[in-house]
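In what follows, chains carry the letters A, B, and so on, assigned in the order in which the sequence lines appear, proteins first and then strands, with residues in each chain numbered from 1. Computed from a predicted structure; not experimentally measured.
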Number of protein chains: 2
Amino acid sequence: MRKYYTITELTREFGVSTRTLRFYEDEGLIQPDRRGRTRLFRAADRHLIKEILRGRRLGFTIAEIREIIEIYKGPPGELGQLELMMKRVAQKREQLNQKRQDIEETLAELDSVDEACLARLAELRVGT
Amino acid sequence: MRKYYTITELTREFGVSTRTLRFYEDEGLIQPDRRGRTRLFRAADRHLIKEILRGRRLGFTIAEIREIIEIYKGPPGELGQLELMMKRVAQKREQLNQKRQDIEETLAELDSVDEACLARLAELRVGT
DNA sequence: GGTATAATTGACTTTTACGTAAAAGAAAGA
DNA sequence: TCTTTCTTTTACGTAAAAGTCAATTATACC
């Protein structure tokens, strides 16, 4: 287990710019330590970055990603808060299910395009 | 089968603005007919809009959505083109598989959050 | 101790995907 | 005919998510 990661280590690992990581810090998504003015990222920050980029790939906005991250921060103690949290989880789950369905549909269409291509290729080989 | 849809019919059906549909036309994603200056959308346009919005939900940019739409336009005749097309299909499939994996991971984390919530609820009921 | 190398902040710019407002034509109902 | 209700084009505006550039400041290596 390493203690700290530098910002450029992480930009290389994840293929993002330093500007991006600083932007995520400004947005409050990560809170790296400091030694002087230099940022020191811990494993927790690194993990958060992974989750941010995952959300980004799925087309979530920063605001939506923030929601997801706050959900991860663990269940609160109070009853009302707990119910609110579970409602949010249910909402996110619905969004994700919608996206999953969108993916399945798109993949199915790509499959049929692929088949059509193969069919056309076969025709060409026979010599249309 | 209806012949034409007006722009507002479609905005209501899909919950988007007229500006959005005109924007998609400017971008060359749809090509509605005209009667005078008024746009008349056919079933094919309506179907394309569905696919555009599906891509949008998945976080694809307009450029990426355009790529997908051009793939749908059916296999070309020439060999080189066919191979290029199949390569593109394979690329899109990879992107979608990545997104699917992202979704599964996120859903799994939401599941464990949910469990933690339920556990905490049970504790509260017993009276911690 | 000088000189690359890496990191910082701050400000300005850019791109994407529309929103919004203005001005005007066309169709439809009272 | 008057008034709504749609629709159009043109043009400018904007929010999100960084990119880019400049001016500094440390750090590290030789």
Side-chain angles (χ1 to χ4, degrees), chain A residues 2-42 45-46 48-70 92 95 98-99 102, chain B residues 2-42 45-46 48-70 95 99 102:
Chain A
R2 305 200 20 200
K3 188 116 205 271
Y4 287 123
Y5 303 84
T6 71
I7 196 168
T8 29
E9 275 175 336
L10 294 181
T11 62
R12 279 176 193 144
E13 175 171 5
F14 295 115
V16 298
S17 68
T18 59
R19 178 71 180 84
T20 299
L21 294 184
R22 291 189 197 111
F23 174 68
Y24 293 155
E25 185 183 4
D26 285 347
E27 290 294 314
L29 300 180
I30 49 181
Q31 284 110 29
D33 277 3
R34 298 283 176 132
R35 182 172 50 207
R37 317 195 307 163
T38 301
R39 289 166 181 82
L40 296 173
F41 295 78
R42 282 164 303 182
D45 298 308
R46 182 164 164 280
L48 274 176
I49 292 170
K50 269 191 204 175
E51 307 207 316
I52 294 167
L53 298 180
R54 211 165 59 195
R56 196 173 75 161
R57 281 193 299 273
L58 290 174
F60 285 113
T61 66
I62 294 296
E64 288 171 321
I65 291 173
R66 202 194 331 269
E67 282 176 30
I68 297 178
I69 284 180
E70 302 212 335
K92 281 294 161 194
Q95 285 184 35
Q98 169 72 66
K99 281 180 201 277
D102 288 331
Chain B
R2 304 202 18 204
K3 189 116 204 269
Y4 287 122
Y5 302 85
T6 71
I7 197 168
T8 28
E9 274 174 336
L10 294 181
T11 62
R12 280 175 193 146
E13 174 171 5
F14 294 114
V16 298
S17 68
T18 58
R19 178 72 180 82
T20 298
L21 294 184
R22 292 191 195 111
F23 173 69
Y24 292 155
E25 185 184 3
D26 285 346
E27 291 293 314
L29 301 179
I30 49 180
Q31 285 109 29
D33 278 1
R34 297 285 177 129
R35 182 172 51 207
R37 314 197 309 163
T38 302
R39 288 167 182 80
L40 296 173
F41 295 79
R42 281 166 303 181
D45 298 308
R46 182 165 165 277
L48 273 176
I49 293 170
K50 271 191 203 175
E51 308 206 317
I52 294 167
L53 298 180
R54 211 164 60 194
R56 195 172 76 161
R57 281 194 299 272
L58 290 175
F60 285 114
T61 65
I62 294 296
E64 288 170 321
I65 291 172
R66 200 193 334 267
E67 283 175 29
I68 297 178
I69 283 181
E70 302 211 337
Q95 284 184 34
K99 282 180 200 277
D102 289 330

For A/E64, which residues count as a salt bridge (charged side-chain N to carboxylate O under 4.0 Å, His left out) partner, sequence neighbours excluded? none
Base-contact (B) and sugar-phosphate-only (S) positions in nucleotides 4-19 of chain D, heavy-atom cut-off under 4.0 Å, - elsewhere: --SSBB-B-----SBB
May I ask you to test the B/Y24-B/D45 pair for a side-chain heavy-atom distance under 4.5 Å? no
B/R56 versus B/T20: any side-chain heavy-atom pair under 4.5 Å? yes
Atom CZ of B/R35 and atom P of C/dA26 are separated, to the nearest Å, by 13 Å
So CD1 of A/I30 and CG of A/L21: to nearest 0.5 Å the spacing works out to 5.5 Å
Residue pairs meeting salt bridge (Lys or Arg N to Asp or Glu O under 4.0 Å), one or both in residues 10-24 of chain A, sequence neighbours left out, come to A/E13-A/R46
